[in-house]
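To start, the structure under review is shown below, and the notes come after it.
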Amino acid sequence: MGMTMIEKLLARKAALPLVQAGDTVVVDVDMCVLIDLQFATTWVQPLKIADPDRVTVVMDHAVPAPSLKDATGGTHARAFVKAFGIERFYDVGRHGICHEVIAENGLARPGEVLACTDSHTCAAGAYNTAARGLGPVEMYAILCTGSTWFQVAPTVRYELTGRLPEHVSGKDVFLHIAATWGDATNQNLEYGGPGLASVPMNDRRTIATQGAEVSADFSTFGVDDVLRSFLAERGVTGFEAADADDDATYLDVRAVDLDDLEPYVARPGTVSKNGVPVSQIERRRLDQAFIGSCANGQLEDLRIAAEILDGRQVAPGVRLLVTPASQQVYREAMRAGYLQSLADAGAVVTNSTCGACFGYHMGVLGPGEVCLTSSTRNFTGRMGSTEAEIFMASPATVAASAVAGYITDPRSLT
Amino acid sequence: MSPAVEPITGRAWVFGDSLNTDAMYPAHAMKLDLAEAAKHVFYQVRPGWTDLVQPGDIVVAGKNFGVGSSRPVANLFQHLGVAALIAEEFNSLFLRNAINAGLPALTVPGATTFFSDGDTATLDVTTGRYANESTGVEERTAPLPDLVLDIIGNGGVLPMLARAGYLPEAVAGLLLNGAVTISATSAA
């Protein structure tokens, strides 16, 4: 009897010959990633932890500290890493959004289990890692004991064929999938097929990240040459990939022909069954446009935005915010001239943080405003007022729309 | 072995589908202490609800309950005195947060038609039995796995960690006496 990628991975980790949907497994966690918010409220330093070498602390959600509460969280985090000799500590200045930091530093390894306090931890499924977000209390328990449990959900496989067309990105693939098939609550998602080779790692991570928006458990990509070279560049070696068996059992297998895709946009509220090709959306004037987040603040996203904005101007009445996903992305984007192009066009380039994506600090929306975002969620009230409307699209579409002043197909500008 | 999780009976508050974590624990509430944050649960979908809900009440929701972030919404429900959650379908992260906080949660197919607002609901997560005391109808669904019942029976994972010696004695003592709950605000 065959297993899907995630079943294979969890079976190996749980030392079981077979794991299937419906099983409950107990596994050791290979990497436990704590974020700043974990330390910001009623933090109690534990007396002992499982293994400091399997702990990473990342300052990301609220940096530099916008409030006394967050500043105190930083103090707790620094005291904690010092007390336990945690070497992987990404403090302000060498920080980034945790999922970008995980990727840059090779902390997510194929065939292993990674847990983190943020719900977009499924991002690391792009690296064939069983990764998911867990609540702060559960993360605290993993920090202490080194293990946790999972109830194994059935798997849906997306079989990709064709090639990604120009100006179409991983965001569009995801928005197309979410618009077509809707929620995947209590399901695992698996991506493969001959088309995958044309999907670069940054786009795979966007797709994996946004599994959270369709309520999926794990999102998992297989190990191919594209991923192998990505990992080799980051010093990740000696891993055991989790491949799906040919006779694995899937809840559903769905075909996505990349050749047919065009830029997509999701309407406000949810991405599920709520998206259309950008070419079909009505003319909506924008107050704010946002390029950033763990999903789409990657170097490649900034490159795409900079190329569109180079020599152009953000339309009057539109505020364009760009948040690099990490300090490393910021520095590389500066070196490559992307930040210059963005700022010259009238964009505000912020420090790396989760900030505007979750409406906590910077870029909060007022009542009646319309925002087009490339970030992770378009829930009502997510970025500020419940009376603001949040549309979601790719960095290319956001950049082109910021220039036009309304939601625009990026292919019309280039 | 943990103490058994007893059946729970309480007033049902019935909500709809796809209630996300931003609707229960918005970002601006994450800046507040637990008592103030708890006043924001369902602030957009049912304004004023937190003034009406009473200790022992049960929240009933539809499909995809709790999609979104890892913010510990369960702590807010517990602060409001909510005794249990029932949903037709839970987001797994949200469900885990409830379990780890020691808040009983049961998946009940058709829950939002089986229960109406104001009905008296009973659920037993140990056996899977649930009943609408107001209509006199009872049904049975899958009970929670033993591993999950063990966590809920212990009052959540923090008391378990306290017993296992991971927490400072003073904090552990308070936790095991039920005098405080530790929570942490999180996440996008």
Side-chain angles (χ1 to χ4, degrees), chain A residues 24 26 35 37-49 60-61 67 69-70 97 116-121 132-141 144-145 149 151 153 183 185-186 212-215 217 270 272 293-294 354 357-360 364 376-377 379-384 386, chain B residues 18 20-23 26-28 30-34 43-45 63-75 89-101 107 145-148 151 156-158 160-161 164-169 171-172 180-188:
Chain A
T24 301
V26 175
I35 58 175
L37 293 182
Q38 176 98 34
F39 298 89
T41 305
T42 331
W43 166 258
V44 174
Q45 192 158 297
L47 294 177
K48 52 185 178 178
I49 64 173
D60 66 355
H61 275 66
S67 71
K69 181 179 172 184
D70 295 303
I97 302 173
C116 167
T117 330
D118 185 80
S119 61
H120 289 109
T121 304
R132 63 163 299 162
L134 298 169
V137 168
E138 182 167 356
M139 286 307 300
Y140 194 87
C144 291
T145 67
W149 54 277
Q151 282 183 295
D183 288 326
T185 315
N186 298 314
E213 278 60 67
V214 287
S215 211
D217 284 10
T270 175
S272 289
S293 84
C294 51
C354 302
C357 174
F358 75 124
Y360 190 79
V364 174
T376 63
R377 293 196 173 124
F379 296 164
T380 304
R382 168 78 178 178
M383 297 175 74
T386 55
Chain B
S18 293
N20 65 54
T21 50
D22 281 80
H28 59 268
M30 292 167 66
K31 297 173 178 170
L32 309 171
D33 65 26
L34 204 61
Y43 76 113
Q44 46 171 317
V45 292
K63 303 270 190 219
N64 199 21
F65 187 29
V67 60
S69 87
S70 56
R71 300 169 193 178
V73 180
N75 294 32
E89 183 185 64
F90 284 95
N91 168 277
S92 67
L93 171 54
F94 183 76
L95 179 67
R96 295 174 81 92
N97 276 338
I99 292 163
N100 286 314
T107 302
D146 289 344
L147 183 150
V148 171
I151 297 171
V157 289
L158 288 176
M160 296 170 86
L161 294 172
Y166 288 104
L167 295 172
E169 209 170 304
V171 177
V180 294
T181 54
I182 302 176
S183 64
T185 306
S186 186

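Worth saying up front: this structure is predicted, and the values here are computed from it rather than measured. Below, read A as the first sequence line, B as the second, and so on, with proteins coming before strands; counting in each chain starts at 1.
- Of the two parts of A/T145, the backbone and the side chain both hold a non-hydrogen atom closer than 4.5 Å to a non-hydrogen atom of chain B.
- Of the inter-residue distances, the one linking B/L158 atom CG with A/E138 atom CD reads 11.5 Å to the nearest 0.5 angstrom.
- Of the inter-residue distances, the one linking B/F90 atom CZ with A/T185 atom OG1 reads 12.0 Å to the nearest 0.5 angstrom.
- Minimum heavy-atom separation, B/G68 to A/F379: CA-CE1, 3.9 Å.
- At a 4.5 Å heavy-atom cutoff, the contact between B/N97 and chain A is made by side-chain atoms alone.
- Summarising the geometry of B/S18 relative to A/D183, their closest heavy-atom pair is OG-OD2, 3.9 Å, with the distance given to 0.1 Å.
- When all heavy atoms of A/Q151 and B/P145 are compared, the pair lying nearest together is NE2-CG, 3.2 Å.
- Of the two parts of A/V364, neither the backbone nor the side chain holds a non-hydrogen atom closer than 4.5 Å to a non-hydrogen atom of chain B.
- Heavy atoms of B/L93 lying under 4.5 Å from chain A belong to its backbone as well as its side chain.
- Between the side chain of B/S69 and the main chain of A/S119, no donor-acceptor pair closer than 3.5 Å is present.
- Counting heavy atoms from C-beta on, the side chains of B/L147 and A/V26 come closer than 4.5 Å.
- Under the 4.5 Å side-chain criterion, counting only non-hydrogen atoms from C-beta, B/N20 is not in contact with A/R377.
- Contacts with chain B were tallied for A/A141, A/G359, A/P46; A/A141 has the most, counting heavy-atom pairs under 4.5 Å.
- Rounding to the nearest 0.5 Å places CG of A/L37 at 8.5 Å from OG of B/S70.
- For B/F94, no part sits under 4.5 Å from any heavy atom of chain A, backbone or side chain.
- You'll find the side chain of B/Q44 reaches within 4.5 Å of the side chain of A/T380, heavy atoms only.
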Verdict with supporting geometry, B/S92 and A/N186, side chain to side chain donor-acceptor pair (under 3.5 Å): CA-CA 6 Å; B/S92 67; A/N186 298 314; 4.6 Å; no

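- With a 4.5 angstrom heavy-atom cutoff, A/T121 does not touch chain B via any of its atoms.
- Side-chain atoms of B/R96 do not come within 3.5 Å of backbone N or O of A/G135 as any donor-acceptor pair.
- Scanning all heavy atoms of the two residues, the minimum distance from A/F358 to B/A27 falls at O-CB, 2.9 Å.
- Looking at A/Y140 and B/N100, their side chains never come closer than 4.5 Å, going by heavy atoms from C-beta outward.
- Within the 4.5 Å cutoff, the side chain of A/V137 has no heavy atoms near those of the B/P72 side chain.
- The choice from B/L161, B/V148, B/D33 that makes the most heavy-atom pairs within less than 4.5 Å of chain A is B/L161.
- Residue contact with chain A, scored on non-hydrogen atoms closer than 4.5 Å, is absent for B/A101.
- How far CH2 of A/W149 is from CD1 of B/I99: 4.0 Å, rounded to the nearest 0.5 Å.
- For the pair B/P168/A/L47, a side-chain contact is recorded, criterion being any heavy-atom separation below 4.5 Å from C-beta on.
- A distance of 9.5 Å separates CG in A/D118 from CZ in B/R71, rounded to the nearest 0.5 Å.
- Proximity of B/K31 to A/S67: side-chain heavy atoms (C-beta onward) are nowhere separated by under 4.5 Å.
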